[in-house]
Q: 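Could you have a look at this structure, given as structure tokens, before my questions?
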Amino acid sequence: MSDFTRRFGIGYALAPKKQQSFIQVSLVNLAKERGMDLIRIDQDTRLIDQGPFDCILHKLSGEEWKKQLEEYSFKNPNVVVIDPLGAIERLHNRISMLQVVSELKIPQESATFGIPKQIVIYNSETLLDPASMEGLKFPLIAKPLVADGSAKSHKMSLVFNHDGLNKLRPPIVLQEFVNHGGFIFKVYVVGEYVKCVKRKSLPDVSEEKLKSLEASLSFSQVSNLTTQERNNDNYYEMTHLEEAEMPPISFITDIARGLRQAMGLHLFNFDVIRDDRVGNRYLVIDINYFPGYAKMPSYETVLTEFFWDIVHQKQGGAASLDKGENPEKDSDCLEMLNCDKEERKLVSNSCCGDGDDGALHL
């Protein structure tokens, strides 16, 4: 019973929508049973005037919040912050978020992994120059460079030819689309815990269909097109979720562990597709900080165990968990990718096998 003589306070600072989805009564009650109280941080009151907390859980950004976190951490060095803002910011850039994947050193025997072949373009002149597309094949996924969770950052489209580039507004990232059977694998990471689930994605694009499509379609338009195609029995046969073979769990766990250590983050998910051209090759196409965990099976139990580990590792004098594991590398990467002088940057997977890479993310 000694473990329950002291209660632990876990402060959370989340946007209203995130708070509503994540802070469920079931999670609050389960944590309370384990001696941990989830306490809402009042964003209208200075952080330094609140608490005491043993851990701060947050998904906020901005200079003001950064200053408040720094002030609180300086005066309360033993409080664990999940996660460091500097590490989170790496995921706000769609180039830097995937660069870390190419840096992973993980054995690849029965399966290989990589990242999409992609370029980032900063101005319209470069976008409309055919030479800038060298090395990429249509169709392409057009994504805003910034991935900050805003509505604008989610506006994506599928581009079928050069005419489709005219509607795009830089800065943007262009990724090659690769057929992946209409399935996507979402991998949730909570500390050392890893859970992989499968979801439906957009259907494959055949060479015949590519010739018949014009310019580009927004992802919402592609979804409508998909709805029309569902009248075809072959569509159901190809996208029957139960038929999708899961990636090797040990392989996915190794990638998750490598990403966690390289990024210095504890709460994130990443999306993976299987390249239909090479059945045992997987592409990491997106990484998100603090995703919608309520969609994950038994999320209350998983998160409660994570909180328990955090506060008790702190009690036991374990290494601090509120610092990025490689802050210098993160800083250098962000500085490089924020440079306005670079108009076009081609990023391909040079360390994880052969072949052209591509990706699709909904």
Q: Could you report the tightest heavy-atom contact between Ala256 and Val194, atom names first, then the distance?
A: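 Closest heavy-atom pair between Ala256 and Val194: CB-CG2, 3.6 Å.
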Q: Considering all heavy atoms of both residues, which atom of Ser73 and which atom of Val81 are nearest to each other, and what is their separation?
A: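 Shortest heavy-atom contact: OG-CG2, 3.7 Å.
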Q: Would a 4.5 Å heavy-atom cut-off, applied to side chains only, mark Arg46 and Glu71 as touching?
A: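 Side chain of Arg46 against side chain of Glu71, heavy atoms only: contact under 4.5 Å found.
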Q: Measure from the side-chain N and O atoms of Gln43 to the backbone N and O of Leu14, and report whether any donor-acceptor pair falls under 3.5 Å.
A: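 Yes.
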Q: So Lys18 and Phe290, do their side chains get closer than 4.5 Å, heavy atoms only?
A: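 Result yes, sub-4.5 Å side-chain heavy-atom pair found.
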Q: With a sphere of 6.0 Å drawn around CD of Gln19, does it hold more than 12 non-hydrogen atoms of other residues, nucleotides or ligands?
A: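 For Gln19, atom CD is crowded (more than 12 foreign heavy atoms under 6.0 Å).
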Q: Just checking Tyr289 against His92, ring centres under 6.0 Å apart?
A: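 Not under 6.0 Å, so no.
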Q: Identify whether Met246 and Phe113 are in the same connected component of the hydrophobic contact network (ILVMFWY, side-chain heavy atoms under 4.5 Å).
A: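 As far as the 4.5 Å side-chain criterion goes, Phe113 and Met246 are connected within one cluster.
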Q: Determine the sole option in Asn288, Val189, Leu98 for which the side chain to side chain contact (heavy atoms under 4.5 Å, CB included) test with Phe270 is passed.
A: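 Running side chain to side chain contact (heavy atoms under 4.5 Å, CB included) over Asn288, Val189, Leu98 with Phe270 returns exactly one hit, Val189.
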Q: Sequence neighbours left out, what passes salt bridge (Lys or Arg N to Asp or Glu O under 4.0 Å) with Asp129? Give chain and number order.
A: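 With neighbours one apart ignored, the set is empty.
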Q: Roughly how far, to the nearest 0.5 Å, is OG1 of Thr126 from CE of Met133?
A: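 Answer rounded to 0.5 Å: 8.5 Å.
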Q: Could you check whether any side-chain heavy atom of Phe306 comes within less than 4.5 Å of a side-chain heavy atom of Tyr193, counting everything from C-beta outward?
A: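 Phe306 does not reach Tyr193 side chain to side chain.
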Q: Answer with yes or no whether the hydrophobic clustering places Leu104 together with Ile287; edges join I, L, V, M, F, W, Y residues whose side-chain heavy atoms lie under 4.5 Å apart.
A: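 Yes; tracing contacts between hydrophobic side chains, which count when under 4.5 Å, links both residues.
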Q: Cluster question for you: counting only ILVMFWY and a side-chain heavy-atom cut-off of under 4.5 Å, with indirect links fine, are Val146 and Leu127 together?
A: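 Unlinked, Val146 and Leu127 end up in two clusters.
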Q: Evaluate the side-chain contact (heavy atoms from CB on, under 4.5 Å) criterion for residues Asn93 and Leu145: first the C-alpha distance (whole Å), next the side-chain angles of each, then the deciding distance (0.1 Å), finally the verdict.
A: CA-CA 6 Å; Asn93 181 299; Leu145 176 61; 3.7 Å; yes
Q: Would you give the length of the straight line joining atom CZ of Phe8 to atom CH2 of Trp308, rounded to the nearest 0.5 angstrom?
A: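 Going from the CZ atom of Phe8 to the CH2 atom of Trp308 covers 7.0 Å.
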Q: Report the distance from atom CG of Leu69 to atom CD of Glu64, rounding to the nearest 0.5 Å.
A: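 Here the rounded value is 10.5 Å.
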Q: Of all heavy-atom pairs between Val284 and Pro116, which one has the smallest distance, and what is that distance?
A: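 Taking Val284 first and Pro116 second, the nearest heavy atoms are O-CD, 3.2 Å.
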Q: Kindly indicate whether the side chain of Asp286, heavy atoms from C-beta on, has any atom under 4.5 Å from the side chain of Met97.
A: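 Yes, their side chains come closer than 4.5 Å.
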Q: Is there side-chain contact between Lys186 and Lys295, with heavy atoms separated by less than 4.5 Å?
A: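 Result no, sub-4.5 Å side-chain heavy-atom pair not found.
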Q: Without hydrogens or angle criteria, can the side chains of Asp83 and His266 be said to hold a donor-acceptor pair below 3.5 Å?
A: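 Note: Asp83 and His266 side chains meet the donor-acceptor criterion.
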Q: Rounded to the nearest 0.5 Å, how far apart are CG of Leu30 and OH of Tyr299?
A: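 OH of Tyr299 is found 10.0 Å from CG of Leu30.
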Q: Closest heavy-atom contact between Ser153 and Ala147?
A: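 The answer is CB-CA, 4.0 Å.
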Q: If you take all heavy atoms of Tyr72 and Gly51, which pair is closest and at what distance?
A: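 It is OH-CA, 4.3 Å.
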Q: So with a 6.0 Å cut-off around CD of Gln20, is the heavy-atom count from everything else above 12?
A: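 No.
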Q: Which distance, rounded to the nearest 0.5 Å, do you find between the CD1 of Ile48 and the CG of Asn76?
A: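 The CD1 atom of Ile48 sits 5.5 Å away from the CG atom of Asn76.
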Q: Checking side chain to side chain contact (heavy atoms under 4.5 Å, CB included) against Leu47, which of Gln68, Glu70, Lys67, His58 comes through?
A: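 So the option named by the test is Gln68.
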Q: When you compare the side chain of Met36 with that of Val311, does any pair of heavy atoms fall below 4.5 Å?
A: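 Sidechains of Met36 and Val311: in contact.
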Q: If we check side chain to side chain contact (heavy atoms under 4.5 Å, CB included) with Glu176, which of these qualifies: Ile141, Leu136, Leu283?
A: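 Going through the options one by one, the only one that passes is Leu136.
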Q: Mark yes when over 12 heavy atoms from residues, nucleotides or ligands other than Lys59 sit less than 6.0 Å from its NZ; otherwise mark no.
A: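 Yes - once you tally the heavy atoms of other residues, nucleotides and ligands closer than 6.0 Å, there are more than 12.
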Q: Grouping I, L, V, M, F, W and Y whenever their side-chain heavy atoms are under 4.5 Å apart, do Ile249 and Val197 come out in a common cluster?
A: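 Different clusters: Ile249 never reaches Val197 through Ile, Leu, Val, Met, Phe, Trp or Tyr contacts under 4.5 Å.
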Q: Look up atom CZ in Arg260 and atom CZ in Phe268, then write down how far apart they are to the nearest 0.5 Å.
A: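 One finds 7.5 Å between CZ of Arg260 and CZ of Phe268.
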Q: Closest approach of Ala142 and Val159, non-hydrogen atoms and distance?
A: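 Scanning both residues, the minimum pair turns out to be CB-CG2, 4.1 Å.
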Q: Which word best sums up how the rings of Phe185 and Tyr282 line up, parallel for under 30°, tilted for 30 to 60°, or perpendicular for over 60°?
A: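 Perpendicular.
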Q: Do Ile285 and Ile184 make a side-chain contact, defined as non-hydrogen atoms from C-beta onward lying under 4.5 Å apart?
A: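 Side-chain contact under 4.5 Å: yes.
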Q: With a 4.5 Å cut-off on side-chain heavy atoms, are Val190 and Met296 touching?
A: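 A side-chain contact exists here, since the closest heavy-atom pair is under 4.5 Å.
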Q: Aromatic contact between Phe22 and Tyr12, with the criterion being ring centroids under 6.0 Å apart: yes or no?
A: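 No.
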